[in-house]
Amino acid sequence: FKAWVRFNNHMIAKQCEVYPNRFVGAAQLPQDAGAEDLKHCLPELEYCHKELGFAGIYLSPDPTGNRNSPGMDQKYLDPVYEYAQKNKMVIVVHGTNCTDPRIATIPHNYQIGFVWEQYLATQLLSHGDVFKRFPELKVVVCHCGGALDRFIKTDHHLAQKDLSKNLFFDTCAYDGDFLATAIKQRGVDRMLFGTEAPGSGTATLNPATNKPCDDLIPVFEQMTFLSKEDREKILFGNARKLFPLQVVWIFGPLVLLQAARILRQRAAGELLQGGGERCLAIGHVEHGHVIRGRLAAQLDADGGRRLRVGGA
């Protein structure tokens, strides 16, 4: 398994090498649900960070699909949390598969695993003391956090604490009502633009926009409760805050976050032709589909600086 993880990480590094102006890596880790803690993941994480220049970490809340891994609030994960905080690496949480035999009838039933594992991760991170132990830790949970809350904000079933500096969500949800409610519940300042492309979103036409579901821009434009400033925050402004002086690309085969400290002073390829804002992407490959979105990053005043991807 470790060899497979290393192979995946090398493939990610190769894509970063081929497209240095678009990609930076996020590490897949050899998570062992039966281990005492995630200390066994540190050699691969350190290798990806220091040798490959990766800047993000993908964590699965249930790597085996058997629901036998400690919850994301447990100290089992502390070695990775500590490394991420120390090195300013953002963690992205996404489900893997689900082996529960009860869901066999449901088409694409891995999605059910995503729903409950991501929502459970959201609840455990919210109610637990992870962010008390690691106050600078940044975590993004995919698919709007897995599920919506059915309680009002002041209900004790929801964590009554400020998580606005630690816990974030992407916008990868294609039902307009679901996405709108997620934005209202999570808050504009905690939502990062993300879509699936290619994948289920590409294959399905949204009748409300007559465009593939991946194209969320028209969906945001139809949300009258969002101001222009709100939309800009979701599309790129929040990413700038979460990844200061960074450009972000989330991508990988069992890897979710490829985020990056890409704005380094040394050269290795211009972002895009021209000046002004540069549009980059967020993506995720899981079971053959890619989740992708776009983020914008401001160039320095000179507009012509060459940027280096990763590395010290």
Side-chain angles (χ1 to χ4, degrees), residues 5-6 8-31 38 41-60 77 79-94 134 136-142 165-168 170 192-194 236 238-269 271 278-285 291-300 305-312:
V5 168
R6 178 61 61 89
N8 273 316
N9 286 327
H10 279 168
M11 291 303 98
I12 296 165
K14 178 59 68 175
Q15 295 207 30
C16 296
E17 179 183 344
V18 174
Y19 299 100
N21 60 335
R22 288 296 181 127
F23 295 94
V24 287
Q28 177 187 355
L29 301 179
Q31 291 178 245
L38 285 187
C41 291
L42 293 183
E44 186 67 20
L45 177 53
E46 187 171 17
Y47 172 78
C48 290
H49 177 227
K50 293 185 177 180
E51 300 299 324
L52 302 182
F54 285 12
I57 304 166
Y58 164 68
L59 281 181
S60 169
L77 293 107
V80 171
Y81 289 158
E82 182 178 8
Y83 192 96
Q85 176 174 264
K86 179 181 178 180
N87 294 283
K88 297 182 174 18
M89 300 177 78
V90 179
I91 291 173
V92 171
V93 176
H94 193 287
F134 303 99
E136 302 302 318
L137 187 66
K138 312 292 184 187
V139 178
V140 179
V141 183
C142 293
K165 294 182 180 179
N166 304 105
L167 190 56
F168 303 86
D170 80 5
L192 279 71
F193 182 44
F236 55 85
N238 293 337
R240 287 188 181 135
K241 292 180 180 179
L242 189 56
F243 308 102
L245 296 181
Q246 298 169 12
V247 216
V248 182
W249 173 260
I250 300 176
F251 168 85
L254 287 179
V255 176
L256 182 46
L257 179 64
Q258 296 195 138
R261 302 163 299 170
I262 203 176
L263 291 181
R264 302 249 186 188
Q265 275 99 23
R266 286 179 253 167
L271 285 179
R278 298 325 200 231
C279 211
L280 301 172
I282 289 185
H284 158 232
V285 177
I291 299 171
R292 183 179 299 169
R294 281 176 283 175
L295 298 175
Q298 285 265 5
L299 275 178
D300 288 31
R305 166 183 278 180
R306 292 184 172 272
L307 306 173
R308 182 175 184 273
V309 179

- Message: Using a 3.5 Å distance criterion without hydrogens, assess whether the side chain of Lys138 forms a donor-acceptor pair with backbone atoms of Lys165.
- Response: yes
- Message: On a heavy-atom basis, which atom in Asp170 and which in Val140 lie closest, and how many Å separate them?
- Response: N-CG1, 4.1 Å
- Task: Supply the atom-to-atom distance Leu45 CG to Ile57 CD1, rounded to the nearest 0.5 angstrom.
- Result: 4.5 Å
- Message: Could you measure the distance from the CG atom of Asn87 to the CD atom of Glu46? Nearest 0.5 Å is fine.
- Response: 8.5 Å
- Task: Ignoring hydrogens and angles, tell me if any N or O in the side chain of Tyr81 forms a donor-acceptor pair with the backbone of Leu137 under 3.5 Å.
- Result: no
- Item | Atom pair NE2 (His10) and SG (Cys16), whose distance is rounded to the nearest 0.5 Å | 12.0 Å
- Message: I want to check something: taking the side chain as every heavy atom from C-beta on, are Ile12 and Phe54 in contact at a cut-off of under 4.5 Å?
- Response: yes
- Query: Judged by atom type as modelled, is there a donor-acceptor pair below 3.5 Å linking the side chain of Asn9 to the main-chain atoms of Ala27?
  - Reply: no
- Message: Looking at Gln85, I want to see if its CD is surrounded by more than 12 non-hydrogen atoms of other residues, nucleotides or ligands under 6.0 Å.
- Response: yes
- Note on the structure: d(Phe168 CZ, Leu242 CG) to nearest 0.5 Å is 5.0 Å
- Minimum heavy-atom distance Val80-Cys41, with the two atoms named: CG2-CB, 4.3 Å
- Heavy-atom side-chain proximity of Tyr47 to Leu52 below 4.5 angstrom: yes
- Note on the structure: Separation between CD (Gln28) and CD (Glu44), nearest 0.5 Å, reads 8.5 Å
- Message: I want to check something: taking the side chain as every heavy atom from C-beta on, are Leu38 and Leu59 in contact at a cut-off of under 4.5 Å?
- Response: yes
- Take the angle between the ring planes of His49 and Tyr83 and call it parallel below 30°, perpendicular above 60°, tilted in between. perpendicular
- Item | Gap between atom CD of Glu136 and atom NZ of Lys86 - 0.5 Å precision | 15.0 Å
